[in-house]
Amino acid sequence: MLQAVRGTKDLLPDVINDWHYIEEIFRKVTKKFNYKELRTPIFEYTEVFSRGVGEGTDIVNKEMYTFQDKGENSLTLRPEMTASLVRAVIQNNLTAQETVARLWYFGPFFRYERPQKGRQRQFHQFGAECLSSANPESDVEILLLADNLIKELGIKDYKLLLNSLGNKSSILSYKKELTSFLKSEFENLSEDSKRRLDQNPLRVLDSKDEKDLKVTQNAPKLIDFLDEESKEHFKFVTNSLDHLNINYEINHKLVRGLDYYSHTVFEFQSNYLGSQDSFGGGGRYNELFEELGGKHTPAVGFAFGVERLLMILESQKLINKNNNNLDFYIVCFGKEYFSYVIEISTLLQKNGYSVNYDISRKSFKSQLKDSDKLKANFSVIIGENEVISNQFVVKNMISGEQMKIKLENFSKFVKF
RNA sequence: GAGCACGUAGUUCAAUCGGUAGAGCGCCAGUUUGUGGUUCUGGUUGUUGUGGGUUCAAGUCCCAUCGUGCUCCCCA
């Protein structure tokens, strides 16, 4: 049997309501903050991501869907949004007219990984980016927007982890120091971390391996390398969060896996997800625009994993499954009366009601059963008696009450 | 990319040591030939993921493959 590609899923009618619900909240919250949606192509020239996300990252090294098109261009299905978004902003000069651009997005992304709970090869992200301001006010705004979204969804029992990486020069000097420290402890590191040391030494910090945890206890701390300006920036952020009553936990080992971050980085974690416990994350990226050939544009943003959000909502039972009600079901027996079915259903549809009727010539009883199963609010009954008397039976399926209505009075009835 | 577990009816799950594939739910029909939901009665469903092997005999054991779950890696 033909089946969907490994790590991809069909979103069938029984879950699509959940998606509409959550998308509605994305729109509602971003609107309150005056963020504008943008959509970019699902693939880009590979360079956008190799330069944007960073050559040293796992995403670029082993997780991208990269292929050649017939014009022999190397193209890649987007593994994340920030690089695409920055490319689009530069190309369309979106920051020229406004001093600050506030943008949000929602859509599918692709990474070649081993599928697991909360991890697919095609997955969806919702995210927002605040462009052009280097000030911590924009970090706060982004965190506040994320917080609003989480609260609007009703998600509970989550943690916001926060850290500052400082500016590029403090990261570089820290990296140097950390690398030489880790090299001195090389033999005590896990196999994975020995490999990481060359590629991305910062990642050794958030390893779960016990051997690594032992070593990193005594490792130099990132916070000691921040210059005054970076410290002040971070202090502004934490002070504001305190003031806003947004709970957070400072974790000096939080570094995140993408090359472009500096200053504030953060991650949202939930206990409902199992091993893949982070359902959102983000941070500041001041250098990315220049990296992709644009003018200097400091920025900060976040992304949420939509499948993971839905998993949390489901385990918290925050999703109401039965919002699929039907307004009218038309029961008709006698195929010669089908024109009445169409006439009445058209009338109802014109007034905005949803209508179902039988097309498989089921028995009278089965049609009523159908009506019940589809949770129709009303059934309209059409049969010989009704046609002869020009009085159609309308049955309230909740109370069981019935009334007779003439065809020409239907529009009045329908408007209540 | 590495390790472990699992895959049986539409669905959730049984099937003892290798010995006739079964139940609940659902679905269909009937319960005075024009009235649903609740009862009651009857009926329906399978290439045991796929392909090979061992055996008198395989859902069960072995190999391969596809898929899923968990852990690592990584990330949302």
Side-chain angles (χ1 to χ4, degrees), chain A residues 1-9 14 53 56-64 78-82 105-127 146 190-193 195-196 199-200 203-204 206-210 212 254-258 266-270 273-283 301-312 329 331-334 360 362-387 393-402:
Chain A
M1 190 177 46
L2 283 173
Q3 42 188 328
V5 174
R6 181 164 153 92
T8 68
K9 263 187 189 157
D14 65 323
V53 180
T57 63
D58 276 21
I59 291 181
V60 170
N61 279 323
K62 40 184 225 194
E63 294 175 4
M64 294 207 303
R78 60 185 191 187
E80 60 112 49
M81 187 63 177
T82 309
Y105 60 86
F106 163 74
F109 296 89
F110 307 84
R111 290 183 200 173
Y112 188 85
E113 294 185 276
R114 183 119 167 213
Q116 215 174 301
K117 188 180 182 179
R119 170 185 299 160
Q120 293 161 216
R121 289 182 173 179
Q122 176 175 344
F123 59 101
H124 296 76
Q125 287 191 343
F126 159 82
S190 68
E191 290 309 307
D192 279 324
S193 286
R195 175 181 56 79
R196 277 188 281 233
Q199 299 223 322
N200 198 344
R203 295 224 57 90
V204 177
D206 56 13
S207 166
K208 293 175 195 164
D209 192 288
E210 295 223 356
D212 296 334
L254 178 72
V255 294
R256 307 198 39 85
L258 295 99
F266 55 90
E267 198 166 299
F268 294 94
Q269 294 183 352
S270 164
L273 293 172
S275 175
Q276 261 60 53
D277 60 353
S278 131
F279 63 93
F302 67 77
F304 282 97
V306 178
E307 281 82 358
R308 291 184 187 178
L309 289 176
L310 285 166
M311 280 169 63
I312 296 172
Y329 187 102
V331 173
C332 172
F333 53 119
S360 39
K362 280 190 200 165
S363 70
F364 178 71
K365 200 163 191 162
S366 302
Q367 292 187 46
L368 262 179
K369 272 191 180 176
D370 239 18
S371 174
D372 184 60
K373 216 181 321 168
L374 294 169
K375 296 188 177 118
N377 292 323
F378 295 93
S379 294
V380 179
I381 296 172
I382 300 173
E384 198 183 0
N385 299 343
E386 285 76 11
V387 170
V393 173
V394 175
K395 175 167 184 156
N396 183 322
M397 293 299 280
I398 294 145
S399 68
E401 280 175 75
Q402 297 196 162

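Reminder, nothing fancy here: chain letters follow the sequence lines and each chain counts from 1.
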Rounding to an integer number of angstrom, what distance separates [N] and [M] when you compare their [atom1] atoms?
N	M	atom1	value
A14(B)	G51(B)	P	24 Å
G18(B)	G59(B)	C1'	11 Å
C62(B)	C17(B)	P	15 Å
U44(B)	G22(B)	P	13 Å

Heavy-atom side-chain contact between Arg308(A) and Ser270(A) under 4.5 Å: no
Between [N] ([atom2]) and [X] ([atom1]): distance, integer Å:
X	N	atom1	atom2	answer
Leu374(A)	C27(B)	CG	C1'	14 Å
Asp14(A)	G10(B)	CG	C1'	13 Å
Phe266(A)	C75(B)	CZ	P	16 Å
Lys373(A)	C27(B)	NZ	C1'	8 Å

Ser366(A) side chain near G36(B) phosphate (N/O to OP1/OP2, under 4.0 Å): no
Pairing stems for RNA chain B [at least three consecutive pairs; Watson-Crick or G-U; under 3.5 angstrom]: B:1-7 with B:66-72, B:10-13 with B:22-25, B:27-30 with B:40-43, B:49-53 with B:61-65
For nucleotides 67-73 of chain B, tabulate all protein N/O to nucleotide N/O atom pairs closer than 3.5 Å, reporting atom names and distance.
from, atom 1, to, atom 2, distance (Å)
U68(B), OP1, Gly7(A), N, 3.4
U68(B), OP2, Arg6(A), NH1, 3.2
C70(B), OP2, Lys117(A), N, 2.5
U71(B), OP1, Ser275(A), N, 3.3
C72(B), OP2, Ser275(A), OG, 2.5
C73(B), O3', Arg196(A), NH1, 3.2
C73(B), N4, Arg119(A), NH1, 2.9
C73(B), N4, Arg119(A), NH2, 2.9
C73(B), N4, Gln276(A), NE2, 3.3

Which protein N or O atoms sit under 3.5 Å from an N or O of nucleotides 31-34 of chain B?
from, atom 1, to, atom 2, distance (Å)
G34(B), O6, Asn385(A), N, 2.9
G34(B), O6, Asn385(A), OD1, 3.2
G34(B), O6, Asn385(A), ND2, 2.6
G34(B), N1, Glu386(A), OE1, 3.0
G34(B), N1, Glu386(A), OE2, 3.1
G34(B), N2, Glu386(A), OE2, 2.7

Sidechain N-carboxylate O distance under 4.0 Å for Asp372(A), Lys369(A): no
Aromatic ring pairing Phe126(A)/Phe302(A), orientation class (parallel under 30°, perpendicular over 60°, tilted between): tilted
Residue whose closest nucleotide on RNA chain B lies nearer the 5' end, Gln402(A) versus Gly280(A): Gln402(A)
